[in-house]
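For reference, the structure discussed in these notes is given below.
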Amino acid sequence: MTEKNRFLNLRLGILGGGQLGKMLCQAASNWDIETVVLDPLEDCPASSLCSKYIKGNFRVFEDVAGIAGEADIVTIEIEHVSTEGLRYLREQGIETRPSAEILEKIKDKGHQKNFYKDNNLPTSEFIICSSGDEIKELISKGDIKLPFVQKLCRDGYDGRGVYIVRENKQLDNLLEGESIVEELVEIKKELSVIVAQNGFNEVRCFKPVEMVFNYDANLVDYLVSPAVIDQSISDAAEELAVNIIKKFGLYGILAVEMFIDKNDNLLINEVAPRPHNSGHQTIESCDTSQYEQHLRALFDLPLGNPEIKSPSVMLNILGEPGYEGEAVYQGLEECMKIDGVNIHIYGKKITKPFRKMGHITIVDNNIDKALEKAEFIKEKLKVVA
Ligand code: ADP
């Protein structure tokens with residue numbers, strides 16, 4: 001990277017303008033970073049905050065290639081971008097973080113699992129199958145046994161594209177397309193560890209957080225930071241995350257989702273090479289937010305201190321089931337009155353069932369009190385139409 005890029009007159013291209021892009025722009029606005037966002041929706045969350053909005057589809061080669069004259073470094077806030085476009089950008093001398101090659105290993109869940117296997121990184125057992133029929137055939141031969149988890153190799157997100165199969169009758173509804181069939185892990189806890197690496201191979205890791213799932217929505221319901229786990233598991237989780245980012249050779253941030261199984265083993269579930277839902281709380285509760293850390297890593301600046309200043313609980317604000325249309329927030333003012341409550345509204349005009357409309361980070365030195373406040377907010381705050 002040229003000296004010019006080190007601190008001043010930085011131009012950052014961001015593929016995707018959702019809430020992660022918006023919060024990245026917020027962090028960038030503290031410094032002299034011009035943000036250029038590519039997204040199909042003119043009213044996407046990041047469009048009103050970025051320095052320049054470009055209407056275009058990040059999945060389409062030409063649209064990604066079109067950002068070439070606009071940025072010195074290009075990053076993503078969603079994995080589903082044209083990697084051909086990323087390759088083209090590199091040919092034009094624009095570094096993309098992540099690179100096309102790393103993203104291709106991650107975007108396809110089959111490639112991602114093979115990467116862990118090839119690098120002796122712990123993950124659940126799996127088989128890659130080309131169709132539902134192949135899964136049934138392997139079941140009849142005894143090569144696959146119920147229960148299992150079927151995951152589409154491509155284009156799944158927020159639990160869509162994941163099917164937990166416990167009974168034979170569910171086999172009529174297998175997902176169609178290439179997929180991985182994984183053993184169903186007996187999960188004690190789900191963790192996420194966010195780790196960053198800059199181009200000087202400096203690596204720093206945030207403390208593991210615990211993700212508590214809403215199984216109806218297949219989304220994280222709330223998140224507890226730091227995770228309530230033994231120190232030895234916490235240390236092992238950090239060590240694993242550091243190992244993974246080094247093995248990928250990734251510059252930027254990487255969110256590593258892991259399971260603790262019933263024997264206290266850590267298993268990697270999946271990674272995301274971008275800011276992540278499980279790092280929202282770093283804005284208020286850590287010395288450096290995941291967004292600032294990503295910027296530091298992207299521009300090869302010294303990485304910031306990821307230490308936790310205060311424990312916190314993060315709650316996604318989801319669209320209430322049964323409502324679709326212009327969003328109305330009920331109970332917001334009552335929630336705002338509570339100490340330690342930090343409200344983020346993404347500015348999406350339309351709500352849909354379980355759509356991520358915002359999030360709340362509750363900082364409190366007493367984690368039980370933070371959880372009580374979270375329960376209250378879950379009852380009070382509704383996004384309806
Ligand atoms: P997505 O990429 O859509 O977020 P994930 O792979 O994270 O999908 O799976 C969503 C959720 O499904 C996980 O958080 C976990 O609760 C459950 N899950 C996924 N894989 C397994 C597994 N092998 N065993 C048990 N539960 C799983």
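FYI, side chains are in, hydrogens and waters are out, and symmetry mates aren't considered; it's all heavy atoms of this structure. In this chain, residues are counted from 1 in sequence order. Since we're looking at a predicted model, the values are computed, not measured. Whatever order the structure lists ligands and atoms in, that order sets their numbers, starting from 1.
The atoms of ligand 1 that sit less than 4.0 Å from any heavy atom of Ile187 are 25 (C), 26 (N). Close contacts between ligand 1 and Phe213 involve ligand atoms 14 (O) [criterion: under 4.0 Å to a heavy atom]. Close contacts between ligand 1 and Val149 involve ligand atoms 21 (C), 22 (C), 23 (N), 24 (N) [criterion: under 4.0 Å to a heavy atom].
The shortest separation from a heavy atom of Phe148 to ligand 1 is not under 4.0 Å, leaving the residue out of contact. Residue-ligand proximity: Lys109 is placed with a non-hydrogen atom under 4.0 Å from ligand 1.
Looking at Glu182, Glu183, Glu186, Lys151 and measuring to atom 6 (O) of ligand 1, the nearest heavy atom belongs to Lys151. Taking all heavy atoms of Phe259, Phe126, Tyr163 into account, the minimum distance to atom 27 (C) of ligand 1 is reached by Phe259. Nearest residue to atom 14 (O) of ligand 1 from Glu257, Glu190, Glu79 is Glu190 (criterion: closest heavy atom).
Side-chain atoms of Arg296 come within 3.5 Å of backbone atoms of Pro302 as a donor-acceptor pair (strictly under, hydrogens ignored). Formation of a donor-acceptor pair under 3.5 Å by the Asn198 side chain with backbone atoms of Leu301 is found in this model. For Ser131 (side chain) and Glu134 (main-chain N/O), a donor-acceptor pair under 3.5 Å exists by modelled atom type. The backbone N or O of Gln281 lies less than 3.5 Å from a partner atom in the side chain of Ser285, making a donor-acceptor pair.
Between Lys378 and Glu375 there is a salt bridge, since at least one side-chain N of the basic residue sits less than 4.0 Å from a carboxylate O of the acidic one.
In terms of polar-atom proximity, Leu184 is not counted as a contact of ligand 1, lacking any N or O under 3.5 Å from an N or O of the ligand.
No side-chain N or O of Gln19 forms a donor-acceptor pair with one of His344 less than 3.5 Å apart.
Under the 30°/60° scheme for interplanar angles, the aromatic rings of His359 and His280 are found to lie parallel.
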